[in-house]
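Read through the structure below, which is laid out as structure tokens, and then see the notes.
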Amino acid sequence: MDLIIDGWFHERGELWPGQAMSLQVKKVLYHGRSKFQDVLVFESTNHGNVLVLDGVIQVTERDEFAYQEMMAHIPLFAHPNPEKVLVIGGGDGGILREIAKRPGVKEIYICEIDGDVIEYSKKYLPSLAVGYDDPRVTVKVMDGAIFMDENQDNFDVIITDSSDPIGPASVLFETPFYNAMHKSLRDGGIVCTQGENVWLHLDIIKPLMDSIKQTYTDVEYAYTTIPTYPSGQIGFIIAGKNSGSSKAPRREPTKEQVDSLKYYSSEIHEAAFVLPAFAKKGIFGA
Ligand code: JFQ
């Protein structure tokens, strides 16, 4: 399928039938195949540089902060004292950039399976890949499940910044992966994972959340708004290992952090868990 027609990139996908996000292309910066997927990076007319994997928009420079900030700071501000953090996926580095804003964090690990995503993000998405420059970061180009198996009882927060459940990331939406994260968490730890969209994917979200309730103590759902993801929003599954609820932040951002944040605030942390009635019913029942 042609991704770019008449100078416009169209994001068509099995997971959002009958709709497509389109962005106008100024210049293709890279297009090739990694060991795992099709990788496209283009400069858009109005959204900065854009990373696309297997035809699906991963980030645009214009709105990526709405996702990365919320995905990182909801679990980090919900946890009383996160010192050791693991990121699975997230090869663009944006989540690392956000975690690095927290001085209390001592060690940050990232497991990205596709080294090409890291390489091309460093080249074309420097404002995200700056996350790799933090000295607390250790990079593992490997399968996150294997790394977690080798590192049990180890992390305060695990963030799974994955692509959609079609292709290389599909295992990340299954119960065994959540069991592996649970084993790799310290007591009191929190996981935050890419949780798709309530307009499109209640059939994926509900059974997954129901099943992980058998392992995790606190299973909650929050969302952010982001114009270039399907239907303009994306959710997060947030689950704890005896953490208590993550709905209220346990600390406020410092003045310096507030200055560096464009989307996250203590107010929006709490608001993000308030779901429209249909979504609340669809995920948690009546
Ligand atoms: C950004 N760091 C990773 N994650 C992007 N449909 C996903 C990409 C595909 C989308 C949902 C989010």
Side-chain angles (χ1 to χ4, degrees), residues 3 9-17 19-23 34 36-41 47-75 85-100 108 110-114 116-122 124-132 137 139 144 158-173 192-201 204-205 208 221-237 263-264:
L3 296 176
F9 165 81
H10 301 287
E11 186 197 50
R12 288 162 289 194
E14 266 173 68
L15 287 176
W16 40 94
Q19 67 186 63
M21 176 72 195
S22 300
L23 293 172
S34 75
F36 300 94
Q37 52 206 341
D38 183 273
V39 180
L40 167 69
V41 188
H47 290 76
N49 290 352
V50 182
L51 171 68
V52 176
L53 298 177
D54 279 344
V56 177
I57 297 169
Q58 304 295 306
V59 289
T60 84
E61 285 181 313
R62 176 163 162 180
D63 63 5
E64 52 85 16
F65 65 89
Y67 173 81
Q68 329 267 17
E69 286 189 14
M70 293 293 273
M71 181 168 231
H73 296 301
I74 289 178
V85 183
L86 170 64
V87 180
I88 310 263
D92 51 70
I95 296 287
L96 297 177
R97 177 194 67 202
E98 294 307 317
I99 302 169
I108 309 168
I110 178 165
C111 279
E112 164 63 60
I113 202 163
D114 193 340
D116 283 14
V117 174
I118 301 178
E119 183 184 335
Y120 292 106
S121 300
K122 285 186 174 169
Y124 297 116
L125 299 167
S127 63
L128 288 86
V130 38
Y132 286 101
V137 172
V139 181
I158 300 176
I159 297 171
T160 297
D161 177 18
S162 70
S163 40
D164 296 313
I166 285 185
S170 58
V171 290
L172 308 182
F173 288 78
C192 178
T193 61
Q194 197 266 85
E196 294 298 352
N197 179 292
V198 295
W199 291 98
L200 297 164
H201 306 123
I204 297 174
I205 300 163
L208 182 56
Y221 192 87
Y223 74 97
T224 188
T225 65
I226 174 157
T228 59
Y229 282 170
S231 295
Q233 300 183 346
I234 193 154
F236 309 107
I237 296 174
Y263 196 101
Y264 180 89

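One-based numbering, in listed order, for ligands and for the atoms of each. Sequence positions, counted from 1, serve as the residue numbers for this chain.
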Check: Looking just at side-chain N and O atoms, do Q19 and S231 make a donor-acceptor pair shorter than 3.5 Å?
Finding: yes

Item checked: Contacts of Y221 that satisfy ring-ring contact (aromatic ring centres under 6.0 Å, His included) - sequence neighbours left out -> none

Under 3.5 Å, side-chain donor or acceptor atoms of residues 159-170 against the rest of the protein: list the pairs with distances, not counting sequence neighbours.
{"from": "D161", "atom 1": "OD1", "to": "Y67", "atom 2": "OH", "distance (Å)": "2.5"}
{"from": "S170", "atom 1": "OG", "to": "G167", "atom 2": "O", "distance (Å)": "3.2"}

Notebook entry, point to check: Sequence neighbours excluded, which residues qualify as salt bridge (charged side-chain N to carboxylate O under 4.0 Å, His left out) partners of E98?
Noted result: K101

Notebook entry, point to check: Is there a side-chain contact between V139 and E112 (heavy atoms, below 4.5 Å)?
Noted result: no

Item checked: Contact residues of ligand 1 (heavy atom under 4.0 Å), by chain and number -> V56, I57, Q58, V59, Y67, Q68, D92, D161, S162, D164, Q194, Y229, P230, I234

Notebook entry, point to check: Taking side chain as C-beta onward, heavy atoms only, is V59 less than 4.5 Å from Q68?
Noted result: yes

